[in-house]
Amino acid sequence: MRKRAEKPEWVRVVEEFEASGLTQREFAGRRGLRLSTVQSWVYRRRRQERTEAEPPVRLIPVQVSRAPGLEVVMLEVIGAAGARVRFAPGTDVDYVARLVAALERTAC
């Protein structure tokens, strides 16, 4: 049984793994290491690199409000028999078509 490696040694081992082009399983087998140990240290090292690369998040309070004078834009479809349907942009057009068709059938 090998002695437990210190962190600086494992940082070096992970860097060697990443430069090797091998899978974690292949690398662990060639080095005589447990796969789970290699996976754990690779995960820790990558997490540490992400943390160091990301700037700290700074949250500021905001207040969301509607701009004065702006109305909600609505679209409108008027069927041949006079059925009128208003709907918001982004509404499922198949649904609107079925609705207009159903209203047109009932208007006749």
Side-chain angles (χ1 to χ4, degrees):
M1 186 166 133
R2 296 180 65 172
K3 81 172 185 116
R4 186 174 172 161
E6 297 297 321
K7 185 175 180 179
E9 180 183 347
W10 268 104
V11 170
R12 183 182 50 77
V13 170
V14 169
E15 289 170 352
E16 288 175 13
F17 157 71
E18 290 178 336
S20 73
L22 300 172
T23 65
Q24 291 177 353
R25 184 178 306 280
E26 293 168 337
F27 184 82
R30 290 185 183 184
R31 296 289 299 259
L33 303 168
R34 290 179 34 203
L35 175 60
S36 62
T37 303
V38 172
Q39 290 171 329
S40 173
W41 277 94
V42 168
Y43 171 78
R44 289 179 191 184
R45 179 68 177 148
R46 289 179 180 168
R47 186 178 65 196
Q48 177 187 10
E49 287 173 347
R50 270 196 317 272
T51 303
E52 291 171 355
E54 295 174 359
V57 175
R58 183 171 166 243
L59 302 176
I60 58 172
V62 296
Q63 181 177 3
V64 179
S65 64
R66 192 174 264 185
L70 291 180
E71 295 179 24
V72 176
V73 175
M74 297 296 284
L75 302 175
E76 183 175 76
V77 172
I78 302 172
R84 182 182 305 243
V85 177
R86 289 191 182 124
F87 56 96
T91 302
D92 181 8
V93 292
D94 290 330
Y95 168 74
V96 173
R98 288 192 310 273
L99 180 60
V100 169
L103 292 171
E104 290 286 300
R105 282 193 302 271
T106 59
C108 296

- Can you check whether Val42 reaches Phe17 side chain to side chain, under 4.5 Å on heavy atoms? yes
- Message: For Val38 versus Ala28, what's the shortest heavy-atom pair and its separation?
- Response: CG2-CB, 3.8 Å
- Task: Check Gln39 against Gln24 and note the closest heavy-atom contact, atom names and distance.
- Result: CG-OE1, 2.9 Å
- Contacts of Ser40 that satisfy side-chain contact (heavy atoms from CB on, under 4.5 Å) - sequence neighbours left out: Arg44
- Message: My understanding is that only residues two or more places apart in sequence, or in another chain, count here; which of them pass side chain to side chain donor-acceptor pair (under 3.5 Å) with Arg25?
- Response: none
- Task: Report the residues that fulfil side chain to side chain donor-acceptor pair (under 3.5 Å) with Arg30, sequence neighbours left out, ordered by chain and then residue number.
- Result: none
- Message: Tell me whether Arg34 at atom CZ has more than 12 heavy atoms from other residues, nucleotides or ligands lying less than 6.0 Å away.
- Response: no
- Okay, side chain of Glu76, backbone of Arg86: is any donor-acceptor separation there less than 3.5 Å? no
- Query: Hey, are the side chains of Phe87 and Val85 touching, using non-hydrogen atoms and a 4.5 Å cut-off?
  - Reply: yes
- Query: In Å, rounded to the nearest 0.5 Å, how long is the span from CH2 of Trp10 to CD of Glu15?
  - Reply: 13.0 Å
- Message: Any non-hydrogen side-chain atom of Phe27 less than 4.5 Å from a side-chain atom of Leu35?
- Response: no
- Message: Membership question, hydrophobic clusters at under 4.5 Å side-chain separation (ILVMFWY): are Leu99 and Ile78 in the same one?
- Response: no
- Are Leu75 and Tyr95 grouped together when hydrophobic residues (ILVMFWY) are joined by side-chain heavy atoms under 4.5 angstrom apart? yes
- To the nearest 0.5 Å, what is the distance between CZ (Arg31) and CG (Leu22)? 10.5 Å
- Is the shortest distance from a Lys or Arg side-chain nitrogen in Arg45 or Glu18 to a carboxylate oxygen in the other one below 4.0 Å? no
